[in-house]
Structure formats: structure tokens, C-alpha cells
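A short worksheet on the structure shown next.
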Amino acid sequence: GRNLRRATREQPMIPKFIKKRLLLPANSLFTVTLYGSIFVGYIMAGPMLKYFGITTSLLTIAVFFAIASLLNVLLPGRNDSVLLKKQIQALGNATYRRLIQVVFNDLGEMLFTIFRTRPILSALMYLTASQAVITIVAVLIPAYATTVLGIEVGDASLTLMAPAAIGMIVGSFAIAQLSIFIDKRKVIGPSIVLTGLMMILLSLFARLANTNMLFAVLAICFSLGFFNSMIVIPANTIIQEKSVASIRGRIYGFFNALAALASIVPIILAGYFSDIFGAGRVLSALGIAILLFGAIHFVKRSSQNSFVHFVKKL
């Protein structure tokens, strides 16, 4: 979660340094490093706890934070302490009424831009839904691994998250190549539908019991990571292309808040319903919801394209 919140501060900066035609490959590389680090954490969490214990695991995390802080200090750029001091002084000189006015003006401008620009609104919906699904699946994976696959909780992260991480990385490079031949917006709808199908297939394996089931589950986890990258990368690229630099950071901040709100309730409900109905059935319900969402997107986009084509013929 911390990595994803940090990404919302870094990703708006990409268009400042990258030409527009290279935005999608740049987002692909960014996604590989971001989600790669997150999945590495998920993958290593189980084995670390299993073989080294909670104390050593926490100390290892502390060391990594110290290294990250050192690398951050070594980054080139202007003096952050001076900039922070100026910002604090400006904040102290501002009146309460002026602060409220600035906040509401900025918020209103950002919301107006989002709702006026349909591609940005759609992209935010895709990113928020994708983030919520990733979080829910991460919550359900331990119960699914133990009850369905008979895998220990300590081994679940390595067994199931590793294929998803590899799929995410492969998909990130694949979308950069596919964008040469097809419109990136046309990839999102089918990827949402296929993600829903993969979730439903995962739930179906809860009803089966054969020795080849694990290999099929690994393939599905790989596919989930692959299709998720086909949603996240084009959506981020659309936001960067359609928004101006002065408001782009606020849009990503709004997404950060939206994703957090969209994840909290589903996480609570997913854990609750998983205990009552089982992880397999919860995954099935989630897959059906995603499938319907993708189908509605596909139908709406097809009808809009048909209408535009009809108008052009007239």
C-alpha cells in the first residue's frame, strides 16, 4: 500500500521527462519496477516468516527502509529542506479563509476536469477497480491456498504470488509492443473480461480434487498478473495524455484516496464472507462482478464507436 501511494506522487512526473509517444513504454517500465517490488515483498513474506521468524523479518524490513532513505538523500535535485521551510512559512502567513478557498478551488477544478474528460474518468475507474481487486485477492489467497490447495500459509505467497508477479512483468513488456499495432484503449475491455473469467476459474477449482489442479492454478495466477498489467498501464497512460501538468498530481491524489476507500469495505466483506461461504465462492462472486463490468464497458464502447462511425458516414 505504501508503495502504491508513493507511486501516485512519482507517476505524474513521467510526462515531464518523457515524450508523449513514449509514455506507454515508460509506464510499462515503471509498472515493472513498482509492482515487481510489491510482488517480491508478497513472495518473500511467507518464506521469511517461516524460516527466520517475525523478529528477523521486521529487522530486514527496517534495513531496507534505511537503504531507501539513504538512496533518497543521494538523489540529485534542489534542497528539499529549503523548499519545505518556504512552504511552512507560506502556510503560516496564509489566513484560514484563504486556505479553505484554495483547497476548495483546487478540488473543484480537479473534479470538473475529471468529470468533463470522459477518458480520464474511465481510466480512474479502471485503476480503482484494479487496485481493489488486487487487495481483495491478496486477502483471500491464504485461505484459498490452505482450504482449496492444501498449501501451508507460509508457502502460499511463494506458490501463488510468484506466477502473478511474472505475469505482471511479462504483460508490462507485452503491452509496450502491442501498442505499436493496436490502440491501447482497445486492450482494456477484453482484459477486464478475461480477468473476471480467471477469477471464476479459480473458484471452480475449489470444487475439484486432482493432482494436476496446482499447475492450472499457477497458470491462472500468471494470467491474472498479465491481464492486470493490460489494464493498469494503458489507464495510466490515458490519464497522463489527457491531463495537463498543473492538475495531474491532484488527479493521482484523488485516485489514491478513491482506491483506499474502494478497498477498505471490500476487504472487510471479503474476509467476512470468506469465513462464512469459503474463499472459492467469494472469488466466484468477485469474478462475475468483474466480468459484468468488463462486458458493460465493451458494449458501451462498441455502441459509441458504431454511433461515431454512423455520424461520420452522414
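One-based numbering along the sequence shown.
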Considering residues at least two apart in sequence or located in another chain, which fulfil the side chain to side chain donor-acceptor pair (under 3.5 Å) criterion with S229?
none
Sorted by chain and number, sequence neighbours left out, side chain to side chain donor-acceptor pair (under 3.5 Å) with S172 holds for none
Taking L29 as the starting point, is it possible to reach V187 by hopping between hydrophobic residues whose side chains are less than 4.5 Å apart?
no
Can you tell me if N228 uses its side chain to pair, donor with acceptor, with the backbone of L224 under 3.5 Å?
no
In sequence, state the C-alpha distance, the side-chain angles, and the governing distance for F255 and I239, and then conclude on side-chain contact (heavy atoms from CB on, under 4.5 Å).
CA-CA 11 Å; F255 157 66; I239 293 176; over 6 Å; no
Tell me which pairs pass salt bridge (Lys or Arg N to Asp or Glu O under 4.0 Å) where either residue lies in residues 222-243, with sequence neighbours left out.
K184-E241
Please find the pair of heavy atoms, one from [X] and one from [Y], that lie closest to each other, and give the distance.
| X | Y | value |
| --- | --- | --- |
| R248 | Q240 | NH2-O, 3.5 Å |
| L24 | I233 | O-CG2, 3.9 Å |
| M230 | A174 | CE-CB, 3.8 Å |
| M198 | I220 | O-CG2, 3.5 Å |
| I231 | P234 | O-CD, 3.6 Å |

Sequence-distant partners of [X], side chain to side chain contact (heavy atoms under 4.5 Å, CB included), two or more places apart:
| X | result |
| --- | --- |
| I288 | I200, S284, L292 |
| V244 | S246, I247 |
| L111 | L107, F115, F254 |
| A129 | none |

N/O donor-acceptor pairs under 3.5 Å from side chains in residues 55-71, not counting sequence neighbours:
| residue | atom | partner | partner atom | Å |
| --- | --- | --- | --- | --- |
| T56 | OG1 | F52 | O | 3.2 |
| S57 | OG | G53 | O | 2.8 |
| T60 | OG1 | T56 | O | 2.8 |
| S69 | OG | F65 | O | 2.9 |

Roughly how far, to the nearest 0.5 Å, is OG1 of T195 from CZ of F227?
6.5 Å
Side chains of residues 120-127: which donor-acceptor partners sit under 3.5 Å, not counting sequence neighbours?
| residue | atom | partner | partner atom | Å |
| --- | --- | --- | --- | --- |
| S122 | OG | R118 | O | 3.1 |
| Y126 | OH | H297 | ND1 | 2.5 |

Using the ring-ring contact (aromatic ring centres under 6.0 Å, His included) criterion, which residues pair with F226? Sequence neighbours excluded.
none
